[in-house]
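One is the number of the first residue; the rest follow in order along the sequence. Only a predicted model underlies this, so the values are computations on that prediction, with no experimental measurement involved. In what follows, every heavy atom counts, from backbone to side chain, and hydrogens, waters and symmetry copies are set aside.
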Amino acid sequence: MGRPRLVAAMVIIFTLGFAWSGLAHGQAASGWQAGAAVFSIAPRSQDLEDGLSLGGYDGGRVAVGIHTPITARALALTAGAERLLLLVLDLPGFDQELSARIRAEAATATGWPQDRIWVAATHTHAAPDLLGLWGGAPDGYRTLVRERAVAAAQLAVERLEPVELAMASFRARGLGENRRGWAFTDETLSLLVARRPGGPVVATLINAGIPPRVLGPENRWISPDWVGSLRAALEEWHGGTAFFLTGAGGDVVPAAAAEGFHGAMAFGIEVARRVDEALQGLLAGEGAIPWRALEPHLRVSVAELVLPVQSPAVLEAVEAGRVGYRLGRTGDLVTVTTWVGRATFGRGDARAEALTIPGEVVTRMGIQIRGLMHHPDGFIFSLTHDTLGVFLSWDEWMTGRHGHDEEAHSLGINGGVLLYQALSALP
């Protein structure tokens with residue numbers, strides 16, 4: 001029994017193809033190496049006493065305690081001289097000041113370049129607001145998150161060891177519902193697994209377009225939402241460290257059978273059960289879901305993306321000092337500068353690709369972005385580098401769907417076009 005994205009000139013592409021002479025902790029290895037680490041970023045009692053708001057929904061929710069600890073998780077990967085460090089935080093999002101400091105300090109701690117350090121948020125709506133849109137969090141807690149994230153990054157690099165890398169993808173039907181009225185969601189669930197040669201799992205990365213928001217606006221307890229039980233189950237069943245990154249789910253809610261913490265736990269276990277079936281096939285060397293063994297070859301490229309800020313609400317929040325976005329100007333436009341990235345694992349047909357989104361992306365645009373990959377079953381890492389709201393296709397903008405809620409959480413109509421152009425120009 002199975003276990004329980006007009007102004008094309010505003011996109012500035014740069015690709016960094018440096019050849020490194022050696023890693024920070026020794027010479028470059030020819031094969032895959034991976035290391036993982038987890039640090040708690042659960043608020044302390046003084047953080048709660050200082051008043052800490054939860055992010056998401058309509059705001060005004062001050063946390064009363066911790067139901068399930070939230071974490072900072074780091075996954076370090078190398079092949080030859082190239083490297084990638086993925087930092088995943090159980091947060092609704094983070095502002096640019098925080099993410100920039102994490103990258104800079106993690107680079108100092110590890111000796112890795114900042115553009116190879118990718119910071120992401122799971123987007124749980126039951127965690128502290130480090131964007132400043134819903135009430136914010138005290139400075140002491142922001143310091144805690146930064147320090148723990150950097151510590152996780154350093155430890156993951158220190159733990160690098162030889163691994164084999166494989167990926168698989170399948171359709172996870174029935175797990176998500178489209179709140180903009182479309183009859184479909186992006187049902188792609190993609191897995192990346194690192195394990196010791198012929199041995200136990202070191203890390204499992206799960207990517208799906210289903211954000212962790214079973215817990216509703218009435219909740220005031222801190223939690224990673226359903227992602228917590230997903231990770232806990234997989235770590236118990238297979239060992240190693242489990243990671244979850246949201247894919248094309250900017251207009252998706254989980255199709256949970258129950259609400260509250262019971263519903264969140266049950267939904268996470270259901271996702272874990274489906275992942276487990278795929279993992280059993282990998283570990284047994286057979287199964288209905290085909291796995292691709294990835295040759296030790298890693299290519300990482302990043303691009304600078306300049307976006308116009310057309311949202312009056314965002315401009316007001318920045319001017320009021322609530323949101324740490326780094327605004328500039330391009331002609332008469334107020335702009336914000338961010339990154340997009342592509343990582344390719346393996347070579348030829350047996351390879352996996354990941355594209356990053358500096359915010360959320362709705363279903364239809366996510367499916368279009370998949371067309372930029374060699375294999376459409378690759379990874380879409382949303383809320384990575386930055387969390388700049390929702391990106392929509394131009395033909396879906398202000399069409400009346402979902403009361404324009406996603407548009408209200410977007411920088412503006414041009415964002416989707418510019419994002420797609422930047423991603424398509426990545427090598």
Should [X] and [Y] count as side-chain neighbours, where that means a heavy-atom distance under 4.5 Å?
| X | Y | answer |
| --- | --- | --- |
| L189 | I206 | yes |
| S382 | H123 | no |
| L175 | V271 | yes |
| L327 | T335 | no |
| L54 | I222 | yes |
| L411 | V314 | yes |
| P211 | V252 | yes |
| F345 | L298 | yes |

Roughly how far, to the nearest 0.5 Å, is [atom2] of [Y] from [atom1] of [X]?
| X | Y | atom1 | atom2 | value |
| --- | --- | --- | --- | --- |
| F244 | T122 | CZ | OG1 | 8.0 Å |
| L191 | F243 | CG | CZ | 14.0 Å |
| I380 | I367 | CD1 | CD1 | 8.5 Å |
| H409 | L392 | NE2 | CG | 12.0 Å |
| I70 | I41 | CD1 | CD1 | 4.0 Å |
| S169 | L192 | OG | CG | 11.5 Å |

Over 12 foreign heavy atoms within 6.0 Å of [atom1], [X]:
| X | atom1 | value |
| --- | --- | --- |
| Q46 | CD | yes |
| M373 | CE | yes |
| H262 | NE2 | no |

Where do [X] and [Y] come nearest, in terms of heavy atoms and distance?
| X | Y | result |
| --- | --- | --- |
| G93 | L130 | O-CB, 3.8 Å |
| R179 | G250 | NH2-O, 3.1 Å |
| W32 | L294 | NE1-O, 2.8 Å |
| V214 | A258 | CG1-O, 3.9 Å |
| V119 | S99 | CG2-O, 4.5 Å |
| G51 | V62 | CA-CG1, 4.5 Å |

Keeping [X] on the side-chain end and [Y] on the backbone end, is there a donor-acceptor pair under 3.5 Å?
| X | Y | value |
| --- | --- | --- |
| T356 | G341 | yes |
| Q96 | R326 | yes |
| R148 | S40 | yes |
| T387 | F94 | yes |
| S190 | G378 | yes |

_NZ/NE/NH1/NH2 to OD/OE distance under 4.0 Å, R61 and E218_ =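 No, this pair does not count.
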*asked:* Whether E407 and R180 form a salt bridge (side-chain N of Lys/Arg under 4.0 Å from carboxylate O of Asp/Glu) is what I want to check.
replied: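 Between E407 and R180 there is a salt bridge, with a charged N closer than 4.0 Å to a carboxylate O.
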*Verify side-chain contact (heavy atoms from CB on, under 4.5 Å) between T110 and V150, making sure each step is shown before the conclusion.*
CA-CA 9 Å; T110 62; V150 172; over 6 Å; no
Could you name each residue pair satisfying side chain to side chain donor-acceptor pair (under 3.5 Å) that touches [range], not counting sequence neighbours?
| range | value |
| --- | --- |
| residues 361-377 | N178-T363, D186-R370, D251-T363, R292-D377, D349-H374, R351-H374, R364-D395, R364-E396, Q368-S393 |
| residues 223-235 | R73-E235, D90-R231 |
| residues 192-207 | E161-R196 |

Using side-chain hydrogen bond (donor to acceptor under 3.5 Å, both in side chains) as the criterion, list what pairs up with [X], not counting sequence neighbours.
| X | value |
| --- | --- |
| H402 | E406 |
| R342 | E353 |
| R44 | D47 |
| R171 | E187 |

_Candidate pair N219 and H67, rule side-chain hydrogen bond (donor to acceptor under 3.5 Å, both in side chains), full reasoning_ = CA-CA 10 Å; N219 172 62; H67 180 275; over 6 Å; no
*asked:* R142 and salt bridge (Lys or Arg N to Asp or Glu O under 4.0 Å): which single residue from D50, D95, D129 fits?
replied: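 One option only clears the test, and that one is D95.
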*Listed partners of H297 passing side-chain contact (heavy atoms from CB on, under 4.5 Å), at least two apart*: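 side-chain contact (heavy atoms from CB on, under 4.5 Å) check on H297 returns R299, R347.
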*Can you name the residues that form a side-chain contact (heavy atoms from CB on, under 4.5 Å) with L133, not counting sequence neighbours?*
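In terms of side-chain contact (heavy atoms from CB on, under 4.5 Å), with neighbours along the sequence ignored, L133 is linked to L131, A317, V323.
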Going by salt bridge (Lys or Arg N to Asp or Glu O under 4.0 Å), name the residues that satisfy it together with [X], two or more places apart in sequence or in a different chain.
| X | result |
| --- | --- |
| R101 | E105 |
| E270 | R273, R274 |
| D386 | none |

*Is the charged tip of R103 near the ring of W339: under 6.0 Å from the six-membered ring centre and within 45° of its axis?*
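Yes, a cation-pi geometry.
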_What verdict does the side-chain contact (heavy atoms from CB on, under 4.5 Å) test give for L205 and L245, after you've listed the backbone C-alpha separation in whole Å, the side-chain angles of each residue and the deciding distance to 0.1 Å?_
CA-CA 8 Å; L205 189 153; L245 283 94; 4.1 Å; yes
*Verify side-chain contact (heavy atoms from CB on, under 4.5 Å) between V202 and V193, making sure each step is shown before the conclusion.*
CA-CA 8 Å; V202 173; V193 177; over 6 Å; no
*Please work out which of the three classes, parallel, tilted or perpendicular, describes the rings of F184 and W182, given edges at 30° and 60°.*
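Tilted, since the angle between the ring planes falls between 30° and 60°.
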*Under the side-chain contact (heavy atoms from CB on, under 4.5 Å) rule, what do L165 and L77 come out as? Steps first, then yes or no, please.*
CA-CA 10 Å; L165 209 63; L77 285 170; 4.2 Å; yes
